[in-house]
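Along the sequence shown, residues are numbered consecutively beginning with 1.
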Amino acid sequence: MIDAVITTISICLDLISLAILFRIILSWIGVISPGLISPSHPIVSVIVQVTEPLLRPIRRALPQMGTVDFSPLVLMFVIIALNQIIARV
């Protein structure tokens, strides 16, 4: 029973990591060639809806670093740490 819960949590963390990675890539694509991917595209909307509630508090806590957003990096470190803790349980 507890193995199933741990596995489920680990899979959820992995899916969130993938969503963050996709969001990072989408932001790079938006900078390199604006207009290529519409922000109103359904896939983009889902990725933003999944990641924004997790990234917003980190953005508020981090100081502004110009135009670079380090909140996805911080969240990825947190997810990696949580996966490491879960793996040891």
Side-chain angles (χ1 to χ4, degrees):
M1 167 78 178
I2 202 146
D3 289 336
V5 171
I6 290 173
T7 302
T8 303
I9 292 171
S10 181
I11 290 170
C12 288
L13 290 173
D14 289 341
L15 290 173
I16 292 169
S17 295
L18 281 174
I20 293 167
L21 182 62
F22 288 144
R23 183 158 180 185
I24 291 168
I25 292 169
L26 287 171
S27 73
W28 289 344
I29 291 171
V31 168
I32 292 170
S33 58
L36 183 65
I37 297 177
S38 171
S40 61
H41 191 279
I43 294 174
V44 176
S45 296
V46 168
I47 291 172
V48 170
Q49 288 174 357
V50 168
T51 58
E52 189 60 30
L54 300 169
L55 294 171
R56 190 177 309 121
I58 297 170
R59 273 194 207 109
R60 283 191 210 132
L62 289 177
Q64 288 289 329
M65 301 281 187
T67 59
V68 180
D69 183 11
F70 287 106
S71 59
L73 181 66
V74 172
L75 185 56
M76 291 295 283
F77 283 142
V78 170
I79 290 172
I80 291 168
L82 288 173
N83 266 331
Q84 291 294 320
I85 292 168
I86 289 171
R88 295 174 198 252
V89 172

Count I, L, V, M, F, W, Y as connected when their side-chain heavy atoms are under 4.5 Å apart, and connections chain through other members. Are [X] and [Y] then in the same cluster?
X	Y	result
Leu36	Val44	yes
Val68	Ile20	yes
Leu54	Val48	no
Leu73	Leu62	yes
Leu13	Leu21	no

Could you work out, with side-chain hydrogen bond (donor to acceptor under 3.5 Å, both in side chains) as the rule, every residue matching Asp69, not counting sequence neighbours?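 Partners of Asp69 by the side-chain hydrogen bond (donor to acceptor under 3.5 Å, both in side chains) criterion, ordered by chain and then number, come out as Arg59, Ser71.
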According to side-chain hydrogen bond (donor to acceptor under 3.5 Å, both in side chains), who are the partners of Ser38, at least two apart in sequence or on a separate chain?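 With neighbours one apart ignored, the set is Ser40.
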Mind listing the side-chain donor-acceptor pairs of residues 74-89 below 3.5 Å, one per line with the distance, residues two or more places apart or on another chain?
{"from": "Asn83", "atom 1": "OD1", "to": "Ser10", "atom 2": "OG", "distance (Å)": "3.4"}
{"from": "Asn83", "atom 1": "ND2", "to": "Asp14", "atom 2": "OD1", "distance (Å)": "3.2"}

List for me each residue that meets side chain to side chain contact (heavy atoms under 4.5 Å, CB included) alongside Ile2, sequence neighbours excluded, and say none if there are none.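 So Ile2 forms a side chain to side chain contact (heavy atoms under 4.5 Å, CB included) with Ile6.
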Taking all atoms of both residues into account, what is the closest heavy-atom pair of Ser45 and Pro39, and its distance?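 Between these two residues, the closest heavy atoms are OG-O, 3.7 Å.
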Please list all pairs meeting salt bridge (charged side-chain N to carboxylate O under 4.0 Å, His left out) that have one or both residues in residues 1-12, counting only residues at least two apart or in different chains.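 As it turns out, there is no salt bridge (charged side-chain N to carboxylate O under 4.0 Å, His left out) pair with a partner in residues 1-12 once direct neighbours are skipped.
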Show me the side-chain donor-acceptor pairs of residues 22-30 shorter than 3.5 Å, one per line, residues at least two apart or across chains.
{"from": "Arg23", "atom 1": "NH1", "to": "Thr51", "atom 2": "OG1", "distance (Å)": "2.8"}
{"from": "Arg23", "atom 1": "NH1", "to": "Glu52", "atom 2": "OE1", "distance (Å)": "3.0"}
{"from": "Arg23", "atom 1": "NH2", "to": "Glu52", "atom 2": "OE1", "distance (Å)": "2.9"}
{"from": "Ser27", "atom 1": "OG", "to": "Ile24", "atom 2": "O", "distance (Å)": "2.7"}

